[in-house]
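Encoded as structure tokens, the structure appears first; notes follow it.
The figures here come from the full heavy-atom set of this structure, side chains too, leaving out hydrogens, waters and symmetry mates. Convention: sequence-line order gives letters A, B, ...; per-chain numbering from 1. Just so it is clear, the model here is predicted, and its values are computed rather than measured.
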Protein chains: 2
Amino acid sequence: MQSTHLSDLRPATAQPTGAEAGRQRQGRLWSNLREVCDLLHIPTTNIPSSDELLFQHVQFKMGQRVHTIGQAFDTLFVVNSGFLKTVLIDEFGNEQVLSFPMKGDMMGVDGIHTRHYASEAVALSDCDLILLPFRKLAALGRAHTELENLLYGVMSRELVREQTMIGMLGALSAEARVARFLVSLADRFAAMGYSSKLFNLRMTRHEIGSYLGLTLETVSRTLSAFNEVGLISVDQRTIGIKDADALKNLRRLPPSRSRSRQRARAEATAAAASVGPAVQLATA
Amino acid sequence: MQSTHLSDLRPATAQPTGAEAGRQRQGRLWSNLREVCDLLHIPTTNIPSSDELLFQHVQFKMGQRVHTIGQAFDTLFVVNSGFLKTVLIDEFGNEQVLSFPMKGDMMGVDGIHTRHYASEAVALSDCDLILLPFRKLAALGRAHTELENLLYGVMSRELVREQTMIGMLGALSAEARVARFLVSLADRFAAMGYSSKLFNLRMTRHEIGSYLGLTLETVSRTLSAFNEVGLISVDQRTIGIKDADALKNLRRLPPSRSRSRQRARAEATAAAASVGPAVQLATA
DNA sequence: CGATGAGTTGACGTCGATCAACTAATGTGG
DNA sequence: CCACATTAGTTGATCGACGTCAACTCATCG
């Protein structure tokens, strides 16, 4: 696995992958405050689109690390394009996935407290990130109330997200967790302007399982089961959402016996009634 | 169940329960900025102990609600004394415990984002809380960098705490969760100047279970098992920590048969010889 | 084309939930 | 202050959801 630290990276010089926002200057991509706020979905009542104050973009390739645990903190990141995961590494080297940041999400907030990042961020695809030097940002917040609200708001939003996650891990069945995970992905894709009905997973079953507190086999089986009952369609990493409402409210599926009994019954009806089993199995 | 909202409460007029900090003025308890920072364990390099700027205390009786979900947000709370729980209520009215705030903890941060509290806070004992009007506090932060750092720092700390919680719920066995819960309580009591070896739980088994993603029966059984192997002593809500290190590193206990075999052997022969370890510790 | 990792599916075991019975605290009204 | 109701906690028996182990298929890529 390749790994790259900030200091190793030369900022993008060529065409960026996602060229929605930003401008070239000194052969690099930059965004102004207004664009950053828009990206974060923060109402920007009166932030001017001035180009006085610009924030630099940096590109990461799939598999590269944006920051690692314990690394000195000084900047926050906003995802402009691409997909990532953030993970905790436990005392035995096991990864615990904490989130799957994508366009409009902020990363690095967990570094503020101790001045060192508490988690690790890895690119799951090629990514374009905007760097927000924290000290500079906080200083700016003193002048612009909107920006100050942005910071507090984003941190609070992240906190609420994690609370919801805790509630989910503490109370829901495997099936309900996977269902809500799919719905939440669909919603986020919708918010980014993509289809919420058909999308590609950017993460492995193992990463999904880690995120949801399940094994990869359980994730796989659950997706298959959803597919079987027509809630979704699954083809490798391509997911089609068939019944979003049912997924949202799902507590658990009827037991698999009853599903297979239904199938068995359907098959059996053709082959008439009372034929004994061909082979008598040992039952003790 | 009694419930009280902020507006219903008359601030304390008599002797407060925990009279560590604060002063009387207009027959009420108040703390200055310095005292609040100390309470939060924030290094206060150059915050003066001026009494220009005072924050009001409010008392809550056991069972009272400090804030409820959806209630308009405008103030943060710092616990000066007492014990509380914060909970999420899911779509079917089930409580999910998120945290057990105690002296020095901040509550209400989850309300910043949407301007409405996202959780509910309930007093588990009589409590003395300090009110921090958020807008006022943020405004003050613009003048005092230390205070600004306090706010960002406390929010980030809370975020890291929840991340750790997610990792725990996602990866650890029931026994490991209960063990770490006890250790974390012990540490917090130590930080408050109380004994970390002997303390009283302020919450029910049901609340612990909800917090840890377990049923109350599992919590009860696990405590009994820890007691049985001598890791702790349990008498109702009184917990004695016997082997904090073992608790910290515990992955899971050996199956109960082998435990009772061990007891039987120990009782049968005073000759110890080669008895396997009573607890399975973390190994690389 | 073989190698490698991702994903699927089955068989089986077990951890923890559920249901239930009981005891120990706590509180309330007479 | 006691009788009684109510809630908290313990413990046992049972069951099922999910983890584990294993075999296999399918994509991707050098």
Seminar exercise, completed: Note: for V219(B) and L172(A) on DNA chain D, the residue whose nearest nucleotide lies more 5' is V219(B)

Exercise. dA6(C) P sits how many Å from L216(A) CG, rounded?
Worked result: 9 Å

Exercise. So, does the side chain of E175(A) form a donor-acceptor pair with the base of dC18(D) at under 3.5 Å?
Worked result: no

For this session: Describe the nucleic acid contact of T215(B) in one word from base, sugar-phosphate, nothing, applying a heavy-atom distance below 4.0 Å.
Result: base

Exercise. For S220(A) and dT8(C), is the shortest distance between a side-chain N/O and OP1 or OP2 below 4.0 Å?
Worked result: yes

Seminar exercise, completed: Rounded to whole Å, the CG-P distance (D235(B) to dT10(D)) equals 9 Å

Exercise. With respect to the side chain of R237(B), which nucleotide from dT9(C), dG9(D), dT11(D) is positioned closest?
Worked result: dG9(D)

For this session: Measure from the side-chain heavy atoms of E217(A) and tell me the nearest of dC21(D), dT8(C), dA6(C).
Result: dC21(D)

Exercise. Between dC15(C) atom P and R251(B) atom CZ, what is the distance in whole Å?
Worked result: 15 Å

For this session: Identify whether any heavy atom of G209(B) sits under 4.0 Å from a base atom; if not, whether one sits that close to sugar-phosphate; answer base, sugar-phosphate or nothing.
Result: nothing

Problem set entry | Short side-chain to backbone donor-acceptor contact, R177(A) and L172(A), under 3.5 Å | yes

For this session: Check whether any side-chain N or O of D110(B) sits under 3.5 Å from a backbone N or O of A118(B) as a donor-acceptor pair, and report yes or no.
Result: yes

Problem set entry | Donor-acceptor pair present, Q236(A) side chain and dC26(D) base, under 3.5 Å | no

Exercise. When we call it a touch if two heavy atoms are under 4.0 Å apart, what does L214(A) touch: a base, just sugar-phosphate, or nothing?
Worked result: sugar-phosphate

Problem set entry | Rounded distance (Å) that lies between atom C1' of dG9(D) and atom CD of E207(B) | 13 Å

Problem set entry | Donor-acceptor contact below 3.5 Å, side chain S125(B) vs main chain F83(B) | yes

Problem set entry | Centroid-centroid distance, Y211(B) to F100(B), less than 6.0 Å | yes

For this session: Figure out the CD1/C1' separation between I239(B) and dA8(D), and round it to whole Å.
Result: 14 Å

Problem set entry | S224(A), nearest nucleotide to its side chain (from dT10(D), dT8(C), dT11(D)) | dT8(C)

Exercise. What integer distance in Å separates N200(A):CG from dA27(D):P?
Worked result: 14 Å

For this session: Answer yes or no: is there a donor N or O on one side and an acceptor on the other, between the side chain of S210(A) and the main chain of H206(A), under 3.5 Å?
Result: no

Exercise. How is R221(B) classified with respect to the nucleic acid when contacts are heavy atoms under 4.0 Å: base, sugar-phosphate, or nothing?
Worked result: base

Exercise. Mapping M203(B) and A174(A) onto DNA chain D by nearest heavy atom, which one lands closer to the 5' end?
Worked result: M203(B)

Problem set entry | Interatomic distance, M62(A) CE vs dC29(D) C1' [rounded to whole Å] | 13 Å

For this session: Output yes when a side-chain donor or acceptor of D126(B) lies under 3.5 Å from a complementary backbone atom of M62(B), and no otherwise.
Result: yes

For this session: Ignoring backbone atoms, establish whether R205(B) has a side-chain N or O less than 4.0 Å from OP1 or OP2 of dT10(D).
Result: yes

Exercise. Rounded to the nearest Å, what distance is computed from the CD atom of residue E228(A) to the C1' atom of nucleotide dT8(C)?
Worked result: 13 Å

Exercise. Under 4.0 Å: is that the gap between some side-chain N or O of T218(B) and OP1 or OP2 of dC15(C)?
Worked result: no

